[in-house]
Amino acid sequence: MNIRETFSFIKQKLSSADIDDANYDAITIMQHVLNISRADITIYGDKAVSDSDFDTITKLADRRITGEPIQYIIGYWEFFSRRFNVADGVLIPRDDTEVLVRACVDLLSDKKELKVIDLCSGSGIIAVTLQKELNNSEVYAVEKSNVAYIFLKENCDINNADVNTIHADLYDCADSFEDSFFDLVVSNPPYIKSDEIAVLQREVQFEPKMALDGGVDGYDFYRGIVDTWSRKLKIGGIIAFEIGEGQFEYICDILTNHGFSDIKAYYDLGSTIRAVTAIYNS
């Protein structure tokens with residue numbers, strides 16, 4: 001088969017299995033295996049696809065049909081125009097998290113030599129991006145999962161990001177830092193209610209429960225991080241969270257009750273609040 005025929009075959013294969021965006025996933029698999037651009041599928045559509053490449057493409061499409069996320073299948077994803085390696089056991093980078101990161105960058109881009117810590121760092125997308133985007137900042141990243149920590153280290157290396165990585169539970173390592181040490185504490189913590197995880201879309205079922213489960217009401221990590229890490233912020237320092245739909249008001253209460261003010265909401269393209277920041281006053 002040639003490139004055009006292979007694309008049509010894979011797209012149909014995915015469509016027949018009720019994959020939501022079969023066209024996009026077919027293109028992504030083709031680009032990954034053949035090392036071509038989206039435009040090349042049209043421009044060089046008559047070029048032959050080797051038997052080995054066709055076999056690889058088909059096997060990856062079969063994995064996608066099972067519901068396995070496309071990000072795990074190709075082994076990487078882009079965030080803030082940078083590549084991050086991911087695989088089974090690591091939370092997948094999402095556009096929602098860009099809302100959080102952009103909020104942090106907008107608030108702090110005019111400052112220098114900041115001290116920043118990213119809790120529940122996962123693949124490192126927040127820590128790496130902030131280290132690259134903020135001027136001369138000293139960035140720390142905390143991750144408990146053995147698997148995710150490997151990818152955190154790897155993604156720091158491939159993006160040439162000077163991040164201080166910490167393999168630990170976020171509650172156990174807080175006392176490693178002096179009080180009033182950080183300018184920014186940021187986190188995309190687990191925030192899904194425990195009993196809602198089983199009914200999430202099948203792609204999400206492939207992701208680590210450890211990175212999703214926010215406890216019975218979804219707020220365990222927000223309460224825990226604010227309780228444990230607030231005192232590590234300088235007066236005037238910022239705490240920043242990614243949050244789930246409908247969680248803003250409760251998180252505002254948590255923050256207000258712990259001495260935070262100037263609470264701000266940040267919206268995604270669907271007009272859902274996806275991030276919150278607040279300033280520490282006491």
Side-chain angles (χ1 to χ4, degrees), residues 1-102 122-126 128-129 132-133 147-148 151-152 154-155 157-160 188 200-208 211-212 242 268-272 274:
M1 286 190 178
N2 62 29
I3 290 175
R4 187 180 300 107
E5 291 167 338
T6 301
F7 170 69
S8 296
F9 174 78
I10 296 302
K11 179 183 174 181
Q12 181 58 41
K13 185 179 180 73
L14 296 174
S15 295
S16 298
D18 295 325
I19 298 300
D20 287 339
D21 199 342
N23 186 75
Y24 179 82
D25 287 353
I27 290 172
T28 301
I29 291 170
M30 296 276 291
Q31 289 178 304
H32 172 65
V33 176
L34 302 178
N35 193 28
I36 60 175
S37 69
R38 183 188 185 102
D40 289 341
I41 294 174
T42 301
I43 297 171
Y44 302 108
D46 293 329
K47 184 177 179 180
V49 175
S50 70
D51 290 343
S52 62
D53 282 343
F54 181 81
D55 183 58
T56 300
I57 290 168
T58 302
K59 287 179 178 177
L60 297 187
D62 287 340
R63 288 172 60 185
R64 183 69 188 97
I65 287 169
T66 69
E68 184 177 356
I70 190 69
Q71 295 90 341
Y72 287 172
I73 291 169
I74 66 173
Y76 57 87
W77 207 241
E78 189 174 280
F79 183 85
F80 247 76
S81 302
R82 296 181 180 91
R83 173 170 163 162
F84 291 85
N85 291 347
V86 293
D88 185 24
V90 184
L91 191 70
I92 293 168
R94 287 178 168 83
D95 292 342
D96 292 343
T97 309
E98 289 207 9
V99 178
L100 172 64
V101 173
R102 289 188 186 281
S123 64
I125 58 173
I126 295 174
V128 168
T129 305
K132 305 299 283 188
E133 298 291 331
V147 174
F151 281 89
L152 168 60
E154 185 175 299
N155 287 322
D157 290 341
I158 65 177
N159 285 286
N160 194 29
N188 173 21
L200 296 173
Q201 65 190 90
R202 61 177 182 167
E203 283 80 4
V204 180
Q205 302 298 333
F206 282 81
E207 297 186 75
L212 302 171
E242 180 176 325
D268 64 17
L269 293 177
S271 299
T272 296
R274 284 297 176 194

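The figures that follow rest on heavy atoms only: side chains count, while hydrogens, waters and symmetry mates do not.
- To the nearest 0.5 Å, atoms CG (Leu91) and CG (Leu212) are separated by 6.0 Å.
- Using a cutoff of 4.0 Å between basic side-chain nitrogens and carboxylate oxygens, Glu207 and Arg94 are scored as salt-bridged.
- For the pair Lys132 (side chain) and Asn160 (backbone), a donor-acceptor distance under 3.5 Å is present.
- Counting heavy atoms from C-beta outward, Val101 and Phe79 have side chains that approach closer than 4.5 Å.
- Counting heavy atoms from C-beta outward, Arg4 and Thr42 have side chains that stay 4.5 Å or more apart.
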Report the C-alpha separation of Gln31 and Asn35 in whole Å, then their side-chain angles, then the decisive distance to 0.1 Å, and conclude whether the side-chain contact (heavy atoms from CB on, under 4.5 Å) test is met. CA-CA 5 Å; Gln31 289 178 304; Asn35 193 28; over 6 Å; no
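- Between Asp25 and the options Arg64, Lys11, Arg63, a salt bridge (charged side-chain N to carboxylate O under 4.0 Å, His left out) holds for only Arg64.
- The side-chain tip of Arg102 points at the ring of Phe80 from less than 6.0 angstrom away and within 45° of straight on.
- Phe206 has its side chain within reach of Thr66: a pair of non-hydrogen atoms, C-beta onward, lies under 4.5 Å apart.
- In this structure, the side chains of Ile158 and Asn85 come closer than 4.5 Å at one or more pairs of heavy atoms.
- With Tyr72 contributing its side chain and Val90 its backbone, the two residues share a donor-acceptor pair below 3.5 Å.
- Between the side chain of Asp53 and the main chain of Val49, no donor-acceptor pair closer than 3.5 Å is present.
- Judged by distance alone, the side chain of Asp268 and the main-chain N or O of Thr272 form a donor-acceptor pair under 3.5 Å.
- Under the 3.5 Å distance criterion, the side-chain polar atoms of Glu5 are matched with a main-chain donor or acceptor of Asn2.
- Taking Tyr76 as the reference, His32 meet the ring-ring contact (aromatic ring centres under 6.0 Å, His included) condition, with sequence neighbours excluded.
- Taking CG of Asn188 as the start and CG of Leu100 as the end, the distance is 7.0 Å to the nearest 0.5 Å.
- In this structure, Asp157 has no side-chain contact (heavy atoms from CB on, under 4.5 Å) partners at least two apart in sequence or on a different chain.
- With hydrogens and angles ignored, the 3.5 Å screen pairs no side-chain donor or acceptor of Glu68 with any backbone N or O of Glu203.
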Evaluate side-chain contact (heavy atoms from CB on, under 4.5 Å) for Leu152 paired with Glu154, printing each intermediate quantity in order. CA-CA 5 Å; Leu152 168 60; Glu154 185 175 299; over 6 Å; no
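- One finds the OG1 atom of Thr58 at 7.0 Å from the CG atom of Asp62 (value rounded to the nearest 0.5 Å).
- For the residue pair Ser16 / Gln12, a side-chain donor-acceptor distance below 3.5 Å is found, with atom types taken as modelled.
- In this structure, CD on Gln71 lies 11.0 Å from OG on Ser123, to the nearest 0.5 angstrom.
- Ser52 and Asp55 share no side-chain donor-acceptor pair at under 3.5 Å.
- Considering only heavy atoms from C-beta on, Val99 stays 4.5 Å or farther from Glu242 through its side chain.
- Ile43 contributes atom CD1, which lies 10.0 Å from atom CD1 of Ile36 (distance to the nearest 0.5 angstrom).
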Set out, in order, the CA-CA distance, both residues' side-chain angles and the distance that settles side-chain contact (heavy atoms from CB on, under 4.5 Å) for Thr6 and Ile57, then state yes or no. CA-CA 9 Å; Thr6 301; Ile57 290 168; 4.1 Å; yes
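- Residues Pro208 and Val147 have side chains not in contact (no heavy-atom distance under 4.5 Å, counting atoms from C-beta outward).
- Under the 4.5 Å side-chain criterion, counting only non-hydrogen atoms from C-beta, Phe84 is in contact with Thr129.
- Centroid-to-centroid, the aromatic rings of Phe54 and Phe9 come within less than 6.0 Å.
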Between Ile125 and Thr97, is the side-chain contact (heavy atoms from CB on, under 4.5 Å) condition met? List the steps. CA-CA 9 Å; Ile125 58 173; Thr97 309; 3.9 Å; yes
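- For the atom pair Ile10 CD1 and Leu60 CG, the distance stands at 9.0 Å (nearest 0.5 Å).
- Looking only at distances, a side-chain donor or acceptor of Asn155 sits under 3.5 Å from a matching main-chain atom of Phe151.
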